[in-house]
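Here is the structure we will look at, set down as structure tokens.
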Amino acid sequence: MELRGAIGFSEEQADLLDVAVNFCRDKSPVDKVRTLLTDELGYDPAVWSEIAELGWLGIAIPEEFGGVGLGLAEVVPVVEQMGRNLMAGPFVSTTLAAQAILVGGTDSQKADLLPAMASGTAATLALSEDHADWDLGHIDCAAFADGDALQLSGTKTFVTDAASAEWIIASVNLDSAPALIVINRSTVPDGAIRRETVIDETRRSYQLCLDGLSVPKTSLLDSSKTAETLAHLHLASNLLLSAEMCGGTASVIDYTVDYLQTRKQFGKMIGSYQALKHPIVDAHVGYEKARSHLYSAAYTFTQQGEGEIATRMAKSTASDAFSFAADRAIQFHGGFGFTYDCDAQLYRRRAIWCEAMQGDGAYHRKKLADLLL
Amino acid sequence: MANASEQELKDYREEAAAWFKENTPAEPDFMMPLTFMEVGTDQQFNFLRDWQNKVWEAGYLGAAWPKQYGGGGLEQVFQNIATDEMRKANGPIMLNAIGINWAGPLILDMGSDEEKERYIKRILSAEDIWCQGFSEPENGSDLGNAQLKAVREGDEWVLNGSKIWTTQGNYAKYMILLARTNPDAENKYKGLSFFLSPMDVPGIETVPIRKLTGEYGFTQTFFTDARIPADCLMGEEGQGWLIAMRTLEYERGARAGQAGGYIITMPDAAEIFDLAKDAKRGGAPAIDDPLIRDELVKFLIEARSMDLCHKRSRIGPLSQDKPMSLPLMSKLVSSEFYRELNQFALSIQGTKAAYYVGEPDAHDDGVWQRGYLNAFSATIGGGTSQIQRNIIGEHVLGLPKS
Ligand SMILES: Cc1cc2nc3c(=O)[nH]c(=O)nc-3n(C[C@H](O)[C@H](O)[C@H](O)COP(=O)(O)OP(=O)(O)OC[C@H]3O[C@@H](n4cnc5c(N)ncnc54)[C@H](O)[C@@H]3O)c2cc1C
């Protein structure tokens with residue numbers, strides 16, 4: 001049994017981390033985050049354009065399709081810093097949609113869609129359904145061939161950023177096998193997209209009702225690659241969720257430590273009380289472990305076998321670390337912690353969202369048990 | 001980092017692997033200590049001293065220490081490789097832990113040329129065993145309050161007081177000693193000085209203390225008008241706290257420079273899998289129980305966490321936010337990990353958790369039971385886990401003192 005992991009950090013990752021630290025801090029201060037909570041779009045289009053200009057949307061897209069030609073490992077530091085600053089927007093949705101096309105798309109889909117995604121046209125995935133199962137192969141939505149068209153039915157849930165996305169890549173059952181299709185959002189009638197009320201108010205998430213919708217057969221991704229693509233999207237999502245959670249954990253700990261260093265009770269700074277000091281240290285230690293797993297997962301992501309193990313470990317540790325840190329953050333702010341104004345709730349809500357997407361800690365540990373024991 | 005070529009490192013690894021394969025002794029017919037802290041019999045002591053000597057002579061201990069003082073004069077990577085191969089061969093621990101891991105690096109780092117000349121080689125060869133006189137009966141976690149008195153008389157220091165929990169105190173030739181030279185200093189820290197003290201002088205007496213497992217390994221050490229030469233003082237008078245803090249960085253692995261090898265045998269996760277297959281719960285192998293599987297995976301993840309955090313601490317851009325964070329947390333994380341792992345190993349044994357070493361029907365000869373009790377040596381010794389949390393809270397997160 002190999003208990004050791006592999007970790008490394010490329011120059012490109014270091015450069016991107018450097019730029020992302022400053023960019024995300026400058027563009028997403030918390031008052032801006034709070035303003036956007038009630039904004040229908042949910043993010044600042046001007047910042048989105050800047051992100052596109054920075055080339056971040058093309059980081060993991062090959063140069064021949066207008067991207068930078070790096071991989072998801074290099075996307076990780078960017079998403080980590082977005083998480084650190086609770087930055088909103090369809091960056092992860094678009095990056096993952098591009099991954100779907102890259103791994104599972106036809107040549108013409110790659111040529112048509114990837115350059116646009118790399119330069120800032122938003123896209124998203126529609127993989128979840130009402131059964132709430134994390135297994136992406138569990139699909140109730142259906143497609144029936146009807147001449148040159150596919151008639152769709154069923155409802156997809158947790159379609160993030162669907163309102164801003166130009167393309168939605170959805171999983172359906174076709175001839176009783178999973179298939180992926182590209183839906184052009186302009187063909188979706190208004191009433192078919194409903195905004196969901198979700199716990200993380202920095203997100204925009206939607207249900208997409210496919211009933212009555214039809215798409216041309218050319219919307220199908222390469223059917224020989226569906227299983228591979230779904231497996232890839234599951235792990236890629238978890239990698240980026242882990243990155244976002246690590247960033248969030250670092251920041252909720254900073255936020256809480258600040259309070260412990262300023263709030264006084266019984267004539268002493270509350271941070272001097274070990275009932276607060278020791279748990280926040282435990283939260284910090286949990287964060288450091290999660291971050292080590294995150295960059296190990298980034299480093300090994302493309303390796304068959306090891307990439308899956310490292311990614312599942314990353315999601316499990318990041319979920320535990322973020323949930324614990326944000327939970328304690330509420331408690332350690334006392335009455336203020338119970339208010340909407342205290343930022344602790346922003347992080348706690350986000351931790352719940354991230355953990356619920358693509359498998360919580362226990363789910364990934366179960367998968368790991370089957371792989372390792 | 002390394003100037004050595006890949007080929008050189010590969011050759012070295014092969015040589016080391018072959019040497020350990022050839023020379024690692026078979027398990028003796030007496031019970032071996034799990035760590036350097038429970039060397040309780042002469043038989044164990046002699047066996048381990050011979051082994052350390054042999055490893056050093058072969059060049060696989062102190063490989064990266066200066067040649068002129070008995071080291072190998074190589075880059076650190078060579079020692080890391082040697083230690084790695086030692087582990088793979090599952091050899092016995094290095095005996096002279098306090099010598100090779102804290103006193104030695106400390107002397108190389110802050111000592112005079114004369115001190116290096118006098119002590120280093122005999123630390124590596126295990127000819128001179130070292131012990132550590134920091135804790136006292138009344139002052140443990142509050143180390144800065146140490147009260148053992150050292151008074152200068154002519155060209156000698158006269159020592160009075162007592163140290164306790166002195167690991168290998170009864171075998172040691174030398175002690176790194178923290179003593180109070182100025183009871184009237186402006187604060188408790190400034191009154192302390194640091195000594196490299198001989199143990200074989202009249203007035204120093206060690207009394208073995210029995211541990212929770214029933215084994216021995218540490219002593220109470222009494223000083224009654226014990227006279228040691230003036231040049232045993234390390235650094236300047238009043239620098240005791242500073243030097244002691246540096247020592248603790250070596251002890252807790254927060255600073256590199258140790259001679260190499262390992263001083264604690266740790267259960268391998270593979271062993272706990274075997275146990276989980278072996279042990280029965282409700283008539284079925286424990287490893288089929290979903291709750292136990294979840295726990296086992298958590299330990300696997302945690303074992304990796306330690307390795308990855310160690311590796312990440314060497315990656316500048318990924319450790320610069322709080323540079324002392326990863327080094328300062330490693331002792332807390334690893335000591336608690338081994339305590340919890342052993343404890344978990346008991347919890348999957350059903351009624352057999354209640355057996356102990358010596359019972360023929362115990363799982364793995366009771367090693368988990370003994371291992372669990374012994375695991376507290378690391379969660380208490382070297383600064384308790386609670387103190388480690390204070391240190392991380394105050395020095396890494398910047399929280400006010402408790
Ligand atoms: C196996 C073993 C080997 C050892 N070897 C050596 C050796 O070779 N040389 C040597 O000098 N010492 C040695 N020690 C001693 C060790 O360093 C001390 O036991 C340790 O520092 C704790 O001190 P104490 O025993 O006086 O406990 P105390 O300091 O009395 O602590 C009692 C309890 O109170 C807690 N506590 C104390 N202060 C605080 C605080 N400020 N905040 C929160 N909790 C607190 C502690 O965590 C502990 O749980 C060894 C100990 C062990 C167990």
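Since this is a predicted model, take the numbers as computed values, not measurements. Side-chain atoms are counted along with the backbone in the values below, which use heavy atoms only and exclude waters and symmetry mates. Letters A, B, ... mirror the listed sequences (proteins, then strands); counts begin at 1.
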Options A:A362, A:G271, A:A290, ranked by heavy-atom pairs under 4.5 Å with chain B, top entry: A:G271
Locate the shortest heavy-atom distance separating B:P317 from A:A14; write the atom from each residue and the value. CG-CB, 4.2 Å
Which atoms of A:A250 come close to chain B, meaning under 4.5 Å heavy atom to heavy atom: side chain ones, backbone ones, both, or neither? neither
Per-residue contact mode, B:D321 against chain A (heavy atom under 4.5 angstrom): side chain
Heavy-atom pairs under 4.5 Å with chain B, option from A:E288, A:K366, A:Q261, A:R312 with the top count: A:E288
Residue selection (most heavy-atom pairs with chain A, distance under 4.5 Å) from B:H310, B:Q388, B:K311: B:K311
Excluding sequence neighbours, so at least two apart, what forms side-chain hydrogen bond (donor to acceptor under 3.5 Å, both in side chains) with B:N187? none
Per-residue contact mode, A:Y295 against chain B (heavy atom under 4.5 angstrom): side chain
Contacts of A:Q81 that satisfy side-chain hydrogen bond (donor to acceptor under 3.5 Å, both in side chains) - sequence neighbours left out: none
Decide, yes or no, whether a salt bridge links A:D320 with B:K298 under the criterion of side-chain N to carboxylate O below 4.0 Å. no
Go through B:S319, B:G316, B:S325 and name the one with the most non-hydrogen pairs under 4.5 angstrom from chain A. B:S325
For each of A:M313, A:H278, A:M269, tally heavy-atom pairs with chain B at distances under 4.5 Å, and name the one with the top tally. A:H278
Of all the heavy-atom pairs spanning B:S305 and A:H293, show the shortest one and how long it is. OG-NE2, 2.8 Å
Atom group of A:H284 that falls short of 4.5 Å from chain B, counting heavy atoms: side chain
Measure the shortest side-chain to side-chain distance between B:L399 and A:I280 over non-hydrogen atoms and say whether it is less than 4.5 angstrom. yes
So A:I309 and B:R304, do their side chains get closer than 4.5 Å, heavy atoms only? yes
More than 12 heavy atoms of other residues, nucleotides or ligands under 6.0 Å from CD of B:Q343: yes or no? yes
Per-residue contacts, residues 279-294 of chain B versus chain A, heavy atoms under 4.5 Å: B:I287, B:R293, B:D294
Could you tell me the separation between the CG atom of B:L300 and the OG atom of A:S316, rounded to the nearest 0.5 Å? 11.0 Å
Interface residue of largest heavy-atom contact number with chain A, from B:A276, B:C309, B:G393, B:A303, under 4.5 Å: B:C309
Counting only heavy atoms not in B:K401, do more than 12 sit closer than 6.0 Å to its NZ atom? no
Relative to chain A, which segment of B:I392 carries a heavy atom at a distance below 4.5 Å: side chain, backbone, both, or neither? both
What part of B:I315 gets within 4.5 angstrom of chain A, counting heavy atoms only: side chain, backbone, both, or neither? side chain
Could you have a look at B:L326, B:L308, B:L332 and say which one has the most heavy-atom pairs with chain A under 4.5 angstrom? B:L308
Atom OH of residue position A:Y299 - does it have more than 12 heavy atoms of other residues, nucleotides or ligands inside 6.0 Å? no
Could you tell me if the side chain of A:Q274 sits less than 4.5 Å from the side chain of B:Q386, heavy atoms only? no
Taking B:L296, B:N390, B:V333 one by one, which has the highest count of heavy-atom pairs under 4.5 Å against chain A? B:N390
Around atom CD of B:Q320, are there more than 12 heavy atoms of other residues, nucleotides or ligands at under 6.0 Å? yes
Would you indicate whether B:K331, at its atom NZ, is surrounded by more than 12 heavy atoms from other residues, nucleotides or ligands within a distance under 6.0 Å? yes
To the nearest 0.5 Å, what is the distance between NZ on B:K322 and CD1 on A:I253? 8.0 Å
For B:H363, check side-chain hydrogen bond (donor to acceptor under 3.5 Å, both in side chains) against everything at least two apart and list the hits. none
Can you find a heavy atom in the side chain of B:I301 that is under 4.5 Å from one in the side chain of A:L368? yes
Quick one: what part of A:D370 sits under 4.5 Å from any heavy atom of chain B, side chain, backbone, both or neither? both
